[in-house]
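Below is one structure, written out as structure tokens; comments come after it.
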2 protein chains.
Amino acid sequence: MCAHCTVRQLSVCAALPDEDIGRLEAIMRTRSIEPGERLVEEGAPRRHVFTLTSGMLRLSSDLPDGRRQIGDFLLPGDYLGLADETIYAQTAEAVTASTLCSFAVKDMEALMASSPPLRDRLYSLTRRALQEARESQMMLGRLAPVEKVASFLLLLSRRLQRHGQPGNPLSLSMSRTDIADHLGLTIETVSRSFTKLKMQGLIVLPEPHLVEIRDRAALIAVAGLSIEA
Amino acid sequence: MCAHCTVRQLSVCAALPDEDIGRLEAIMRTRSIEPGERLVEEGAPRRHVFTLTSGMLRLSSDLPDGRRQIGDFLLPGDYLGLADETIYAQTAEAVTASTLCSFAVKDMEALMASSPPLRDRLYSLTRRALQEARESQMMLGRLAPVEKVASFLLLLSRRLQRHGQPGNPLSLSMSRTDIADHLGLTIETVSRSFTKLKMQGLIVLPEPHLVEIRDRAALIAVAGLSIEA
DNA sequence: CGTTATATTGAATGGATTCAAGGCCAGTGG
DNA sequence: CCACTGGCCTTGAATCCATTCAATATAACG
């Protein structure tokens, strides 16, 4: 039931008033996928778009020789299919067990055509995604490894918080390999960067997948990027 | 006169039928800027959006310590202001002498509200920009220097062609510094990469700012990225 | 508890960067 | 017309640091 959806306010669906939400439900299917499972594949025809309701996805592109770039991680409330036209530009896989709302592209387009707020919302989300991609370009192109990792932690912390999850002891659901493929590093360098930040007392790693930010100001200073609260 | 505009078919303006083009002209101002001149500044309130009609712009972000990332180069017909909301997310400067059509954001939004094709066109351009940014993430994060330069040449060649400029002996209007700041390299590494490609006979550099692609297939192979014609 | 996957740490290698010098071209002034 | 200057690009040599290769440690999971 969309009316009680926990991520409604974060997702595209917030654009629809209560009285119209039934129209969304009418064209919606729910789906759940297991960790590592592939939801859509780069190059395949774009037949469905999705809203993530729980879990985490990764959007990635592959090179023929196996190198991989993870463009973004999706959190609950995020929309999958913003950048794609007739085919999916990136592969989407589950980082953790995830649930989604699935929509046939045809249906969604029809709904968009009849609901300006929905359309505007999608446009706005696309702009936001573009801004974040530009930020990512800076990270990838001009930051040193420790700076990348510090920035990554801060940005993820902020996003988690906005998506209603704890932002400070933050859970890193993805593997070191995923982080490396997102930041353009090797897993060893990622690991060493974590260690450096640990040694400086900026973070604590009680477990490999749990990070506590101890000195946010100093972490921001290391990150280089301008990252506010 | 928009009716005779050379880039109309490439730009947002193509969305407007002849009978409505007058409405665009009514809110438009033309402007020209010199090489190196700054058009909009990162962080400044977004009051105008633009269509580039001739020349070339670079969109960049700066780090406090002076490091710079060029997110994109704009060619004639490209729109400036796609990603920005209330403030400009990137600085825009002229690479070469350029001319633009300038629109007050207020006016453009009003026009968008009354012209669905225009709105859709801007949405579509934003999606395209997002796709290109994702491609750029792969370049920055996972390609080796020579691969980056090869990809850059191929992608620029393709874009120039689409924008009605010669795609094969292609003119590199931007400096080596700009290329370096776009690819996340130093100017020396960019220069050495050109030399490598030259030595392998894939390109010829009659002048530093003119590149002839001699063996496109081999260049594509070096690039790694999947780039078609 | 044992097994496998994942993460960390160590040592070496290699390649981009840094630092420095030289070349090239356009513009300027003698 | 030619020397001089400054900006930009290229090349060379040395350095540094991320990567690679390898081993160990820790976590995850049956």
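Both backbone and side-chain heavy atoms feed into the values below; hydrogens, waters and symmetry mates do not. Chain identifiers are assigned alphabetically (A, B, ...) following the order of the sequence lines, protein sequences preceding nucleic acid strands; residue numbering begins at 1 within each chain.
Every residue two or more places apart in sequence or in another chain that forms a side chain to side chain donor-acceptor pair (under 3.5 Å) with B/Thr53 is listed here: B/Thr99. A/Ala104 pairs by the side chain to side chain contact (heavy atoms under 4.5 Å, CB included) definition with A/His48, A/Asp107, not counting sequence neighbours. A/Leu160 pairs by the side chain to side chain contact (heavy atoms under 4.5 Å, CB included) definition with A/Leu75, A/Leu156, A/Gln165, A/Leu170, not counting sequence neighbours. Shown here are the side chain to side chain donor-acceptor pair (under 3.5 Å) partners of B/Gln69, two or more places apart in sequence or in another chain: there are none. Remark: A/Phe152 engages A/His182 in a ring pair (Phe, Tyr, Trp, His ring centres under 6.0 Å) (not counting sequence neighbours). Looking at residues two or more places apart in sequence or on another chain, you find a side chain to side chain donor-acceptor pair (under 3.5 Å) between A/Asp181 and A/Arg68, B/Arg142. Residues satisfying the side chain to side chain contact (heavy atoms under 4.5 Å, CB included) test with B/Thr189, not counting sequence neighbours, are B/Pro145, B/Leu185, B/Thr186, B/Ser193.
Every stem involving DNA chain C, taken as at least 3 paired positions in a row under the Watson-Crick or G-U wobble test at 3.5 Å, is listed here: C:1-30 with D:1-30.
When every heavy atom of B/Asp84 is checked against every heavy atom of B/Ala89, the shortest pair comes out as OD1-N, 2.6 Å.
Interface limits on DNA chain D: the 5'-most and 3'-most nucleotides within less than 4.0 Å of chain B heavy atoms are D/dC9 to D/dA13.
Counting only residues at least two apart or on different chains, the salt bridge (Lys or Arg N to Asp or Glu O under 4.0 Å) pairs with a member in residues 85-98 of chain A are A/Arg38-A/Glu93, A/Arg58-A/Glu93, A/Glu85-B/Arg127. Residue pairs meeting the salt bridge (Lys or Arg N to Asp or Glu O under 4.0 Å) criterion with at least one member in residues 145-157 of chain B, sequence neighbours excluded, are A/Arg67-B/Glu147.
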Inset, instruction - Give the B/S/- string for nucleotides 7-24 of chain C, one per nucleotide from 5' to 3', where a protein heavy atom under 4.0 Å of the base yields B, of only the sugar-phosphate yields S, and otherwise -. - result: SBBBB----SBBB-----

